[in-house]
Amino acid sequence: SLSTRNCPWKMNQLPPKSPVASPVSESTNSRVEALDNLSMDSFWLEVENIKQSAEAEQEECSLADVKTQEEGEAEAEWLQDAGLSELLGDPASDKDNLVLLSTLTKTQAAAVQRRLDTYSRSRRRKNKHPVRDVRDIFGVVSSEDTAAEKEESSPDPLWHNLRTSNTQRKTQDYSCTVRNPGKEEVFNMDVAYSEQAAVLLKGSFLSESRKLKDGNALIRFKIPKGRLGVTRIGDLSAQDMKKIPTLALIELTALCDILGFELKRNKAAKLKTTEKRLFGVPLNTLLENDQKLLPNTKVPLLLQALLSCLEKRGLETEGILRVSGSQTRIKSLEQKLERDFYSGLFRWDEVHQNDVSGLLKRFIRELPAPLLTAEYLPAFAAVQNIPDLKQRLQALNLLILILPEPNRNTLKALLEFLSKVVARENNNKMNLWNVSTVMAPNLFMHKGLPNKIPEGKEKQLAEGAADVVRMMIHYQDLLWTVSSFLVAQVRKLNESNSKRYQFCDKRIKNLLRKIHADKDKVEKNQGEPSKIVKVHASLLLKDSLEVHLNNATRVADVLRQFQKNLCQNGWNIVNTVNLLKCNNSVECTNLLLYEVGGNIGEHCLDPDTYLLDLYHINPHAEWIIKQNPSYPRMF
């Protein structure tokens with residue numbers, strides 16, 4: 001067992017609070033040394049508080065039995081989650097998912113291929129019917145691509161789920177590297193992360209880079225806006241966002257393959273039913289109940305109330321989140337909330353702020369499955385093992401995209417609040433590292449999951465978990481961005497699906513060749529220097545706006561033209577109160593331009609998107625102006 005009560009962390013073997021380094025792997029040594037001067041007292045104090053809370057309620061932190069998966073089982077699950085179950089010979093699968101193969105980059109295709117190879121070997125050893133030969137899809141497999149797959153893998157503990165491969169990179173020490181220390185670095189989202197990593201490993205990146213002197217500093221990253229702008233989570237329709245997790249999983253696996261790490265995932269946990277209405281209730285159930293009261297609710301109403309209460313009266317409180325409230329009062333408040341929250345009778349103004357922060361942390365811990373999900377909690381924890389900061393952020397960005405929507409929205413609401421706490425550091429004495437160390441145990445400890453920690457690794461792993469939380473708080477705007485290369489893959493998926501190709505088991509290679517040939521025809525017709533298009537605003541106007549596009553026309557220009565015509569030409573407005581007015585003029589920031597149809601479901605466009613470029617990529621889409629949903633309506 002890991003402790004006297006089988007809780008995830010070794011409570012009876014807490015590391016010393018003085019900054020004495022534990023043995024760590026060479027690849028993470030410098031980052032751990034850099035964090036040594038940052039106090040971990042808050043982390044271990046929070047762990048102790050969680051233990052006391054569990055003991056007070058006589059709760060056992062039960063651990064699930066871990067069964068070693070047979071060879072090929074993990075690969076089969078991965079292929080199913082990646083939308084490629086047809087390759088396993090599943091007759092009930094949707095054959096349209098095979099269109100996915102035509103959108104993959106070389107590194108992504110290699111990741112799929114490796115797992116097919118491993119699965120095929122396991123099937124042959126079991127004398128089962130062979131799966132489809134991978135060469136029918138990707139062509140001839142080189143011996144170099146599959147050499148590493150011939151090694152038998154051994155089961156890894158939860159906190160070591162990204163295993164360093166036995167390559168020459170293992171001897172390289174390029175921890176916490178910075179190409180331009182002190183300057184703003186470019187975070188490229190146009191090219192697949194795995195492709196970028198492959199190029200870096202082939203080039204002179206390792207020899208030119210140097211260690212960051214101040215390992216605690218967080219580099220500033222900037223996402224360069226291409227001609228098509230930047231896409232944030234929430235800009236895509238639900239229909240298109242459903243395709244993103246599959247693509248992100250394949251890309252994350254490809255990135256880990258290139259870096260020489262193995263990505264392992266937990267099996268989805270079976271959720272226990274509870275008679276409670278708020279605490280210990282699955283996120284999906286909470287949201288279903290909340291949406292009956294308030295349609296379109298994205299974040300549980302209880303969490304919204306807890307965060308709102310803390311924002312109004314707790315941001316200035318010294319030690320907020322760190323200073324624990326009374327466990328007895330917190331338990332009593334939980335019972336009152338269960339009884340009175342939905343009736344509106346609960347009196348928030350009578351609750352001490354430290355008790356509210358205790359309720360917030362308790363709500364997160366009591367979720368039947370971790371907020372970061374049982375399947376991917378090991379991957380989030382293992383991000384710390386990736387030496388380069390930019391690549392750690394790339395992995396985190398993909399993990400955020402993989403999360404189910406309720407978990408992702410809830411996590412974002414929490415991180416936005418934590419950012420507000422950090423912004424008031426001068427008053428509440430809670431800096432970014434303090435907040436991260438307090439919240440890490442609440443996000444990474446879960447009583448329903450096995451947590452095997454190698455002897456002597458507690459301090460390193462605790463610091464790593466806190467560092468992951470620190471990155472999620474500090475870089476949340478970057479992490480909640482959908483990479484341009486993923487949006488491009490979604491477009492390709494939609495284009496291929498719309499053609500309704502008929503798949504034949506023995507002719508997949510020919511089919512993919514035809515798909516690529518059709519795409520080439522479209523690309524050749526992208527040389528128009530200008531174009532006249534119509535922009536619709538049916539909810540606001542009966543008329544459409546005719547726009548002359550050239551290479552310099554942006555979304556912001558069209559919205560300004562629309563605003564000008566509204567105010568000066570007296571267009572026939574359908575519903576005047578749909579538009580906010582300021583000094584008798586329509587605010588341009590209140591309007592958004594959407595790309596609808598063609599090879600996209602619905603896409604809210606970045607104001608800096610160049611529309612002629614977008615037209616060439618999606619000539620069959622309609623462009624529709626709508627009111628910004630984040631602005632309050634006046635009716």
Side-chain angles (χ1 to χ4, degrees), residues 23-32 71 74-75 78 82 104-118 121 141-179 191-209 211 248-265 376 378-399 402 454 457 460-461 464 467-468 471:
V24 295
S25 63
E26 183 178 354
S27 63
T28 57
N29 203 26
S30 65
R31 279 199 7 255
V32 172
E71 184 187 19
E75 286 74 17
W78 186 93
L104 302 184
T105 65
K106 290 181 180 179
T107 51
Q108 292 171 352
V112 174
Q113 185 169 282
R114 289 187 186 97
R115 277 128 199 99
L116 275 170
D117 284 345
T118 303
R121 286 197 301 274
V141 185
S142 66
S143 58
E144 293 180 0
D145 288 335
T146 57
E149 296 302 312
K150 295 182 180 178
E151 298 180 8
E152 296 292 333
S153 60
S154 58
D156 294 324
L158 170 64
W159 287 97
H160 197 58
N161 285 307
L162 289 177
R163 179 175 56 83
T164 305
S165 64
N166 294 322
T167 66
Q168 61 179 6
R169 294 198 299 276
K170 189 173 182 180
T171 61
Q172 297 282 356
D173 184 7
Y174 55 106
S175 304
C176 207
T177 51
V178 183
R179 270 68 68 192
V191 180
Y193 300 148
S194 55
E195 297 287 340
Q196 294 181 45
V199 171
L200 287 175
L201 289 176
K202 289 179 182 178
S204 57
F205 165 66
L206 297 184
S207 60
E208 290 181 357
S209 63
K211 293 180 184 177
L249 172 59
I250 295 174
E251 172 59 16
L252 176 63
T253 308
L255 177 62
C256 290
D257 284 355
I258 294 295
L259 297 177
F261 292 100
E262 182 181 1
L263 173 69
K264 286 202 177 243
R265 304 175 299 155
Y376 290 99
F380 274 96
V383 164
Q384 60 170 307
N385 295 331
I386 299 176
D388 182 58
L389 173 60
K390 184 179 290 185
Q391 290 170 338
R392 292 202 297 278
L393 290 173
Q394 290 172 345
L396 274 177
N397 174 231
L398 294 169
L399 283 167
I402 291 172
K457 296 286 187 180
Q460 173 198 352
L461 297 169
D467 197 34
V468 170
M471 286 188 287

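All residue numbers in this chain count up from 1 along the given sequence.
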Checklist entry - Of all heavy-atom pairs between Leu255 and Leu398, which one has the smallest distance, and what is that distance? => result CD2-CD1, 4.5 Å
Checklist entry - Minimum heavy-atom separation for Ile258 to Ser194, with atom names? => result CG1-O, 3.8 Å
Next on the checklist: With a 3.5 Å distance limit and no angle check, can you tell me whether Gln196 reaches the backbone of Val191 through a side-chain donor-acceptor pair?
Outcome noted: yes
Checklist entry - Say you draw a straight line from CG of Asn385 to CG of Leu461; how long is it, rounded to the nearest 0.5 Å? => result 8.0 Å
Checklist outcome for this item: Between Gln460 and Gln384 the two heavy atoms that sit nearest each other are O-OE1, 3.6 Å
Next on the checklist: When you compare the side chain of Asp257 with that of Arg115, does any pair of heavy atoms fall below 4.5 Å?
Outcome noted: yes
Checklist outcome for this item: So CD of Gln391 and CG of Leu396: to nearest 0.5 Å the spacing works out to 12.5 Å
Checklist entry - Distance from Tyr376 atom OH to Ile402 atom CD1, nearest 0.5 Å? => result 5.0 Å
Checklist entry - Just by modelled atom types, is the Ala254 backbone N or O under 3.5 Å from a matching donor or acceptor in the Gln108 side chain? => result no
Checklist outcome for this item: Rounding to 0.5 Å, atoms CD (Glu75) and CZ (Arg114) come to a distance of 12.5 Å
Checklist entry - If you round to the nearest 0.5 Å, how far is CD of Gln394 from CG of Asp388? => result 8.0 Å
Next on the checklist: To check you understand the geometry: which heavy-atom pair defines the closest contact between Thr107 and Ala198, and what is its length?
Outcome noted: CG2-CB, 4.4 Å
Next on the checklist: Let me confirm one number: the CG-CH2 distance from Leu263 to Trp78, rounded to the nearest 0.5 Å.
Outcome noted: 9.5 Å
Checklist entry - For the residue pair Ala82 and Leu249, what are the closest heavy atoms and their distance? => result N-CD2, 4.1 Å
